[in-house]
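Counting convention: from 1, in listed order, for ligands and their atoms alike. Note that the structure is predicted; figures quoted are calculated from it, not measured.
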Amino acid sequence: MNTILAIESSCDETSASIIQEGRVLTNIVATQSVHEKYGGVVPELASRAHQQNIIPVVHQALTEAGITKKDLNAVAFTRGPGLLGALLVGTSFAKSFALALNIPLIEVNHMQAHVLAHFIDKPNPQFPFLCLTVSGGHTQIILVKNYLDMEIIGETVDDAVGEAFDKTAKILGFPYPGGVWIDKYAQNGNPHAYAFPDLKNKDLNYSFSGIKTAFLNFFRKKVQRNPDFISENLNDICASIQHTLIRILMQKLIQASEEYQISEIAIAGGVSANSGLRTTLQKTAQEKNWNIYIPDFQFCTDNAGMIAMAAHYKYLAKDFCGQEVSPMPRMRF
Ligand code: KG4
Ligand code: ZN
């Protein structure tokens, strides 16, 4: 029976999970609230919080799964992409644990793990499928050929969509991470109240820095004329911003589905928790005859359950790494 402890520490969530024979038994996540007031993740504070959280989180994951250290067959960790200091905490911890227990070590790519979150619960997508992976650090369309065989066919050339949500939310006065607040206020607003431009490029890549500037200039002009513009129109502003970002995401996803003739479509990453994106995806699926896959909420944002799922497939493939392994903040696959 293979039992693996997996650790995630790439950004601002310290998480540990136990997986046994491909079944996630526990998924413990400690969210770092220390960043809220700064409007973004402060790397140094993230590393320190990971150091404080990692032992309690691992302890809880083991205890709640009814597993002892002796039952473990491997230890997995997120090698990248992510913040160097944050990754270092999980990497060092996993290395020491594996060394002390004399069991194999498994390095996991965080983005690959977001995709493999689709295999934690059923129904699972059929290969090949497309996965729109949208988070605070990434926006990618991934062609998934098999569990460990993936190709990025489109990605952002500048900001991630989560960053566009969070930075706009900051201007609107919301705490970090602001995506969830825009989502909340958008539910009572008119998505067509304010119009913003589409992307002009013909390939499958995204760009969100231009649209972020368009939002900024729009607010500046409106607030100059009416200082209360934002508070008076918050619902409509949030709905229009969210609608624009979702429209951009969907345009390229539809294009990718047509170019690759694939109608198995999944979404993953923190932004896939967005209720507007979920509804739009469901509507598009009906129109285009897509089979769509959206992970359970707890497996959308950063979590070690998805790292554990990736580790399970790597364990079956005997894809282990040595003690010399170090974090890769810009890891690709
Ligand atoms: O995958 P994730 O937890 O961490 C990264 O790897 O970045 O994604 C975090 C991102 C943040 O930008 C956050 O604002 C966004 O996911 N997010 C949302 C929602 N929930 C989380 N964005 C829009 N609507 C939401 N409901
Ligand atoms: Zn992530």
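Heavy atoms of Lys184 come nearer than 4.0 angstrom to ligand 1 in no pair at all. In this structure, Cys11 does not count as a contact residue of ligand 1, since none of its heavy atoms falls inside 4.0 Å of the ligand. In this structure, His114 has a heavy atom closer than 4.0 Å to ligand 1.
Heavy-atom proximity to Gly162, at under 4.0 Å, picks out these atoms of ligand 1: 12 (O). Residue contact check: Ala273 has heavy atoms under 4.0 Å from atoms 20 (N), 26 (N) of ligand 1. Annotation for ligand 1: atoms under 4.0 Å from non-hydrogen atoms of His110 are 6 (O). Those atoms of ligand 1 that come under 4.0 Å of a heavy atom in Pro177, given as number and element, are 13 (C), 14 (O). For ligand 1, the atoms lying closer than 4.0 Å to a non-hydrogen atom of Ser135 are 1 (O), 5 (C), 6 (O), 7 (O), 8 (O). Near Gly137, with a cut-off below 4.0 Å to any heavy atom, the atoms of ligand 1 are 7 (O).
Residue nearest to atom 14 (O) of ligand 1, selected from Asp166, Val134, Leu245: Asp166 (by heavy-atom distance). The option from Ile182, Val271, Asp302 that lies nearest to atom 2 (P) of ligand 1, judged by heavy atoms, is Asp302. Among Ser275, Ala169, Gly270, the residue whose heavy atom lies nearest to atom 19 (C) of ligand 1 is Gly270. Compare Gly178, Ala186, Gly136 by their heavy atoms: the one nearest to atom 10 (C) of ligand 1 is in Gly136.
An angle of 90° is found at the Zn ion (ligand 2) between His110 atom NE2 and His114 atom NE2, rounded to 10°.
The aromatic rings of Tyr185 and Phe174 lie tilted to each other, with the angle between the two planes from 30° to 60°.
Closest of all the heavy-atom pairs between Ala256 and Leu204 is N-CD2, 3.6 Å.
The 12-atom threshold is exceeded at CH2 of Trp290, counting heavy atoms of other residues, nucleotides or ligands nearer than 6.0 Å.
By the 3.5 Å distance cut-off applied to N or O atoms, Asp183 is counted among the residues near ligand 1. Geometrically, ligand 1 and Asn274 share a nitrogen or oxygen pair separated by less than 3.5 Å. Residue Thr301 has no N or O atom closer than 3.5 Å to an N or O atom of ligand 1.
Atom-to-atom distance recorded for Ile120:CD1 and Arg23:CZ is 12.5 Å, nearest 0.5 angstrom. Rounded to the nearest 0.5 Å, atoms CG (Leu5) and CG (Asp71) are 12.0 Å apart. If you take CG on Leu199 and OH on Tyr206, they are separated by 8.5 Å, rounding to the nearest 0.5 Å. Lys69 NZ to Ile103 CD1: the interatomic distance, rounded to the nearest 0.5 Å, is 11.0 Å.
Exactly one residue among Phe229, Phe215, Phe219 makes a ring-ring contact (aromatic ring centres under 6.0 Å, His included) with Tyr194. That residue is Phe229.
There is a side-chain donor-acceptor pair under 3.5 Å between Ser275 and Gln187.
Closest N/O/S atom of Asp302 to the Zn ion (ligand 2): OD1.
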- request: Apply salt bridge (charged side-chain N to carboxylate O under 4.0 Å, His left out) to the pair Glu287 and Lys283, showing each step before the final yes or no.
  value: CA-CA 6 Å; Glu287 286 163 20; Lys283 246 176 67 194; 5.5 Å; no
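In this structure, the protein non-hydrogen atom closest to atom 22 (N) of ligand 1 is Gly179 CA, 3.5 Å.
Taking the ring centroids of Phe129 and Tyr293, they lie at or beyond the 6.0 Å cut-off.
If you chain together hydrophobic residues whose side chains sit under 4.5 Å apart, Phe320 and Leu116 fall into the same group.
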